[in-house]
Amino acid sequence: MLRRAADPDSAAVADVWLRSYTAALPTVVRAHSDDEVRHYFREVVVPSQETWVAEADGAVVGMMVLDGDMLSQLYLDPDWRGRGIGDRFVALAKERCPDGLGLWTFQVITPAHRFYERHGFVAVEYTDGSANEEREPDVRYEWRSRAADVPGHGG
C-alpha cells in the first residue's frame with residue numbers, strides 16, 4: 001500500500017533510506033552520519049516535502065519524496081526490491097507531476113539507470129560530482145509526458 005507519510009513515519013523512512021543506500025551504494029561515501037540522516041528526515045523531509053511510503057505487513061518498505069517537479073528520493077528496502085513497488089512509486093510521481101519530472105542519480109548505480117529509462121526517463125546531463133555532497137559523478141534524468149509536448153496540453 002502506498003500512502004502519504006506522517007511525522008511518526010520519519011524514523012522508518014530514514015531507516016529504509018539508510019538500508020537501501022548501504023546496499024545500493026557500497027562504494028559511495030555518505031556525507032552524513034546515521035543520526036544526521038534521521039534528523040534530516042524527521043525535521044525537514046517528512047514535515048515539509050511530499051513524502052510517500054510503501055507499507056507491507058505493517059512496516060515501511062519503501063519511500064519516495066517529491067520536491068516540486070523533482071523526484072528527489074526513491075529508496076526501497078533491499079528485501080523488497082523487484083516486487084513492483086518502485087514501478088508503483090514512479091507511476092504515482094507521474095500522476096502527481098503530469099507535466100514532467102526530473103531526478104538525479106549517481107552514475108555508478110546502473111540498475112537505477114535501467115529502471116528510470118524503462119519508465120521513459122532520458123539522461124540529459126552528466127556531472128563529475130563536484131556539486132553534490134558525496135562528490136560522486138551523477139546523472140540528471142528527465143521525463144516529460146507526451147501530452148506536455150502537445151500545444152495546449154501543459155508544458
Side-chain angles (χ1 to χ4, degrees), residues 1-97 101-143:
M1 174 180 84
L2 302 186
R3 64 172 175 80
R4 283 294 292 267
D7 289 342
D9 296 313
S10 64
V13 169
D15 287 343
V16 166
W17 188 95
L18 289 164
R19 284 192 303 276
S20 181
Y21 192 103
T22 299
L25 298 162
T27 62
V28 177
V29 176
R30 284 199 349 242
H32 300 281
S33 71
D34 290 5
D35 287 343
E36 290 169 330
V37 168
R38 288 184 180 100
H39 179 267
Y40 177 67
F41 278 98
R42 182 180 62 249
E43 301 299 326
V44 177
V45 175
V46 173
S48 64
Q49 295 178 355
E50 186 176 340
T51 306
W52 292 82
V53 295
E55 196 173 54
D57 301 327
V60 172
V61 298
M63 53 83 73
M64 177 184 76
V65 178
L66 294 172
D67 187 7
D69 64 356
M70 289 297 292
L71 198 170
S72 69
Q73 312 272 346
L74 196 164
Y75 289 89
L76 303 177
D77 188 287
D79 292 338
W80 285 85
R81 288 188 185 145
R83 300 185 191 201
I85 298 169
D87 298 333
R88 291 181 61 205
F89 271 138
V90 170
L92 175 62
K94 288 178 176 181
E95 180 182 305
R96 305 286 298 162
C97 300
L101 286 165
L103 65 89
W104 287 94
T105 190
F106 294 120
Q107 290 182 30
V108 73
I109 316 175
T110 54
H113 300 202
R114 288 191 301 271
F115 173 80
Y116 289 118
E117 289 166 6
R118 182 166 47 87
H119 286 282
F121 286 81
V122 176
V124 296
E125 179 182 5
Y126 290 84
T127 79
D128 63 4
S130 60
N132 65 52
E133 292 179 313
E134 296 82 2
R135 302 295 182 247
E136 182 72 24
D138 54 10
V139 56
R140 182 170 59 92
Y141 278 91
E142 288 185 353
W143 168 82

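Please read all numbers here as calculations on a predicted model, not as lab measurements.
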Here the gap from W80 atom CH2 to I85 atom CD1, rounded to the nearest 0.5 Å, amounts to 6.0 Å
d(D128 CG, Q107 CD) to nearest 0.5 Å is 9.0 Å
Min side-chain heavy-atom separation V13-Y75 under 4.5 Å: no
Are any side-chain N or O atoms of R140 and backbone N or O atoms of V124, one a donor and one an acceptor, separated by less than 3.5 Å? no
Subject >> Check ion pair R38-D15 (N to O, under 4.0 angstrom) >> reply: yes
Got L92 and W52 here, is their nearest side-chain heavy-atom distance under 4.5 Å?
yes
message = Whether the E117 and Y141 side chains hold a donor-acceptor pair (N or O, under 3.5 Å, no angle test) is what I'd like checked.
response = yes
- Task: Look only at the side chain of K94 and the backbone of H119, and say whether a donor-acceptor pair between them is shorter than 3.5 Å.
- Result: yes
**Message:** I'd like to know if R4 pairs up with D9 as an ion pair, taking the criterion as any Lys NZ or Arg NE/NH1/NH2 lying under 4.0 Å from an Asp or Glu carboxylate oxygen.
**Reply:** no
Here the pair of heavy atoms bringing G68 nearest to C97 is O-SG, 3.4 Å
Q.
Between D67 (side chain only) and M70 (backbone N and O only), is there a donor and an acceptor less than 3.5 Å apart?
A. no
Are Q73 and T51 packed together at the side-chain level, in the sense that at least one heavy-atom pair is separated by less than 4.5 angstrom?
no
Rounded to the nearest 0.5 Å, the OH atom of Y126 sits from the CG atom of D138 at a distance of 11.0 Å
When you compare the side chain of L76 with that of F89, does any pair of heavy atoms fall below 4.5 Å? yes
* Asked: So, H32 versus E133: side-chain donor-acceptor pair below 3.5 Å or not?
  -> yes
Handout entry: Beyond-backbone contact of I109 with L25, side-chain heavy atoms, under 4.5 angstrom
Key = yes
Interatomic distance, CG@L71 vs CH2@W143, rounded to 0.5 Å, equals 11.0 Å
For the residue pair E142 and F121, establish whether any side-chain heavy-atom pair is separated by less than 4.5 Å. no
- Identify whether the distance between the nearest side-chain nitrogen and carboxylate oxygen of D77 and R81 falls below 4.0 Å. no
Applying salt bridge (Lys or Arg N to Asp or Glu O under 4.0 Å) to E50 and not counting sequence neighbours gives R96
Review point. Charged N to carboxylate O below 4.0 Å: is that the case for E55 and R3?
Key: yes
Contact check, side chains of F106 and E134, non-hydrogen atoms, under 4.5 Å
yes
Exercise. Would you check if the side chain of S20 reaches a backbone N or O of V16 as a donor-acceptor pair within less than 3.5 Å?
Key: no
**Message:** What I'd like to find out is whether the side chain of P47 reaches to under 4.5 Å of the side chain of D7, using heavy atoms alone.
**Reply:** yes
Residues at least two apart in sequence or cross-chain that pass salt bridge (Lys or Arg N to Asp or Glu O under 4.0 Å) with R83, listed by chain then number, are none
Between the CG atom in L101 and the CG atom in D69, the distance rounded to the nearest 0.5 Å is 7.0 Å
*Side chains of S33 and D35: is there a donor and an acceptor less than 3.5 Å apart?*
no
task: Answer yes when R118 and D87 have at least one side-chain N-carboxylate O distance shorter than 4.0 Å, and no when they do not.
output: yes
Scanning both residues in full, the closest heavy-atom pair of M63 with V65 reads CE-CG2, 3.9 Å
Those residues at least two apart in sequence (or on a different chain) that pass ring-ring contact (aromatic ring centres under 6.0 Å, His included) with Y21 are W17
In short, A123 meets V139 closest at the heavy-atom pair CB-CG2, 3.8 Å
